[in-house]
Every structure is written in structure tokens, then in C-alpha cells.
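Here's the structure we're looking at; comments come further down.
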Amino acid sequence: PVMADHLSYVIYTSGSTGKPKGTMIQHRAVLRLVNALSHHIPDKQVYLFASNIAFDASTFEIWSPLLTGDLLSIYTQKYQSGLEIAKHCSQHDVTTIWLTAGLFHDLIDAETKIPQSINFVFAGGDRLSINHVRLFKQKNSNVALINGYGPTESTTFATNHIFGDHFQHYVPIGRPISNTQLYVLDERLEPVPVG
């Protein structure tokens, strides 16, 4: 039988080194991701699948809807732009999307108000611009914007931050998702004290 600690897939990442390395992801890691995020998202959603299958965001986009009984809308265009993604989401009543920081910025630059069907926007993969976050929240106050942070090794997200109406002058990476612990280390890889 397949167990939680058995290998689910291998995905390659260059991380900060620039050298590709294979990251082995267990079944339990995929379940951790889906279970941690599903309590934010009610049933009856339509998730956008727009990532390349070799990008770790595809784990969230594919397995979240399939393991929770929701729907998956597959974006088949080769070129991705904020405007094209928005058009697809409108045509297919997509409610939940995950965008890289670059695509998120492009979407906000192209259309500050996103399609009405969207309830949840996960963004990450790089630092989000505070100006884009502000503009998004001003025009889309009823849409949940979640900054998802985590390296490939942590299976898409290690932390998330849900933006409210009031926020700081920076974009926080948030708190650990369920079943995840974070350690802040110094230059010698030793845990730093609180503060």
C-alpha cells in the first residue's frame, strides 16, 4: 500500500544556488498543503490550473480541487499575461487562482479590478510589491488576497498571510501553515532568540 511517507513526485528547483536539484516530495507533504489551505476556502470552488507541471505551484492548483471535490479549469494558452488570465477566469467562472508575483503585478497593472467570479487570490514565488497589494485591496475589497511563501522543498507554501483592510508598509510572509514549524537562523545556522 502507498503510505504517507512514500515518494509522490520529484520536482527540480534551482533554489538560490542556480544549480538544478531534484526535490523529493512525499504524499504527506501534498496532503499537508491541501488540508492547511482548504480551511480558508469553502466548498464549491473552481481552481485555475495555469502553471507548468514542472513548477511547484501546480501541486496546489491540481491537488487542492481534486482532493476536496472542487473543479479545475485548465488554462491552455502558451502565453500568460494578467489580462489573458483574467479573461479565462471570467469565461470559466474561476473562483480561486494562484499567481506568481510577476503575474499578480501584471494583472493589477492591466486591470486593477479582477473578474467578479474570483474569491481567492494566492500570490507568491517572489516578493509582492506593496503598491500592487494596496491597489488590489482598494479595488477588490471582497476578495481574499493571500501571500503564499515557501521553497519547493516545503511543497509550495510553508507560510501564508491573508491581507486585511489595514496592513503595514511591507508584505509579510505570514505564519506557518498547519503542521509546519519555522525556525529563524543566524549566519551560523543557529536558532536566533525571540525578537
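- If you check the side chains of Ser178 and Arg32, you find no donor sitting under 3.5 Å from an acceptor.
- Counting all heavy atoms, side chain and backbone alike, Thr155 lies closest to Leu33 at O-CD1, 3.7 Å.
- Under the 4.5 Å side-chain criterion, counting only non-hydrogen atoms from C-beta, Leu107 is in contact with Ile114.
- Grouping the Ile, Leu, Val, Met, Phe, Trp and Tyr side chains by contacts below 4.5 angstrom, directly or via other members, places Ile162 with Ile177.
- In the hydrophobic clustering of this structure, Val171 does not group with Phe120; members are Ile, Leu, Val, Met, Phe, Trp, Tyr whose side-chain heavy atoms approach within less than 4.5 Å, directly or through other members.
- Within the 4.5 Å cutoff, the side chain of Asn140 has heavy atoms near those of the Lys113 side chain.
- Val30 places a side-chain heavy atom less than 4.5 Å from the side chain of Ile25.
- Between Ala110 and Leu83, the shortest heavy-atom contact is CB-CD1, 4.0 Å.
- The cluster map of Ile, Leu, Val, Met, Phe, Trp and Tyr, joined by side-chain heavy atoms under 4.5 Å apart, puts Ile146 and Leu37 in the same cluster.
- Grouped by direct or indirect side-chain proximity (heavy atoms under 4.5 Å, Ile/Leu/Val/Met/Phe/Trp/Tyr only), Val192 sits with Val184.
- Side-chain atoms of Thr23 do not come within 3.5 Å of backbone N or O of Thr152 as any donor-acceptor pair.
- Nearest approach of Leu72 to Pro65, heavy atoms of both residues: CD1-CG, 3.7 Å.
- For Val133 against Leu145, the heavy-atom pair with the smallest separation is CG1-CD2, 4.0 Å.
- The side-chain heavy atoms of Leu67 and Leu31, taken from C-beta on, include a pair separated by under 4.5 Å.
- Gln26 and Ser8 share no donor-acceptor pair across their side chains, judged by distance under 3.5 Å alone.
- With rounding to the nearest 0.5 angstrom, the CD atom of Glu84 is 11.5 Å from the CG atom of Leu103.
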* Just do the side chain to side chain contact (heavy atoms under 4.5 Å, CB included) check on Thr95 and Lys44 with the steps written out, would you? => CA-CA 9 Å; Thr95 61; Lys44 309 274 189 275; over 6 Å; no
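- For residues 71-81, the set of pairs meeting the side-chain hydrogen bond (donor to acceptor under 3.5 Å, both in side chains) definition, not counting sequence neighbours, comprises Ser73-His88.
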* To do: Run the numbers on Thr100 and Phe55 for side chain to side chain contact (heavy atoms under 4.5 Å, CB included), then give the verdict.
  => CA-CA 11 Å; Thr100 62; Phe55 182 38; 3.8 Å; yes
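- Looking at heavy atoms from C-beta onward, Leu48 lies in side-chain contact with Cys89 at the 4.5 angstrom threshold.
- Looking at heavy atoms from C-beta onward, Thr96 lies in side-chain contact with Ile41 at the 4.5 angstrom threshold.
- Between Phe157 and Phe122, the angle of the ring planes stays under 30°, which puts this pair in the parallel group of the 30/60° scheme.
- The closest donor-acceptor contact from the side chain of Thr180 to the backbone of Pro176 lies at 3.5 Å or more, if one exists at all.
- Summarising the geometry of Ala123 relative to Leu128, their closest heavy-atom pair is CB-CD2, 3.8 Å, with the distance given to 0.1 Å.
- Linking ILVMFWY residues whenever their side-chain heavy atoms come closer than 4.5 Å, directly or via other members, places Ile11 and Ile53 in the same cluster.
- Its side chain outside the 4.5 Å cluster rule for every partner, Met3 clusters with none of the Ile, Leu, Val, Met, Phe, Trp and Tyr residues.
- Rounding to the nearest 0.5 angstrom, the gap separating the CD atom in Gln45 from the OG atom in Ser38 is 11.5 Å.
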* Any chance you could lay out the side chain to side chain contact (heavy atoms under 4.5 Å, CB included) test for Tyr47 and Phe60, step after step, and finish with the verdict? => CA-CA 9 Å; Tyr47 287 73; Phe60 169 75; 3.9 Å; yes
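- Between the side chains of His169 and Arg134, at least one donor N or O lies within less than 3.5 Å of an accepting N or O.
- Aromatic ring centroids of Phe104 and Phe136 lie under 6.0 Å apart.
- At a cut-off of 3.5 Å, with distance as the only test, a side-chain donor of Tyr9 or Thr59 sits close to an acceptor on the other residue.
- Counting all heavy atoms, side chain and backbone alike, Lys137 lies closest to Phe163 at NZ-O, 3.6 Å.
- Within 6.0 Å of CD on Gln116 lie no more than 12 heavy atoms contributed by other residues, nucleotides or ligands.
- Remark: side-chain polar atoms of Asn147 are paired, donor with acceptor, to backbone N or O of Pro172 under 3.5 angstrom.
- Taking 4.0 Å as the cut-off between side-chain N and carboxylate O, Glu153 and Lys21 count as a salt-bridged pair.
- Within the 4.5 Å cutoff, the side chain of Ile97 has heavy atoms near those of the Ile118 side chain.
- The shortest distance between side-chain heavy atoms of Ile62 and Phe49 falls below 4.5 Å.
- The hydrophobic cluster around Tyr183 extends to Leu185, Leu189, counting ILVMFWY residues whose side-chain heavy atoms fall within less than 4.5 Å of a member.
- Through chains of ILVMFWY side-chain contacts below 4.5 Å, Tyr149 is grouped with Ile173.
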* What's the verdict on side chain to side chain contact (heavy atoms under 4.5 Å, CB included) for Arg175 and Thr159, showing C-alpha distance, side-chain angles and the deciding distance? -> CA-CA 5 Å; Arg175 298 193 170 275; Thr159 68; 5.9 Å; no
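- Sorted by first and then second residue, the side-chain hydrogen bond (donor to acceptor under 3.5 Å, both in side chains) pairs involving residues 60-71 (not counting sequence neighbours) are Ser51-Glu61, Thr68-Asp70.
- With ring centers used as reference points, His27 lies 6.0 Å or more from His6.
- In this structure, Asp106 contributes its side chain and Gly102 its backbone to no donor-acceptor pair below 3.5 Å.
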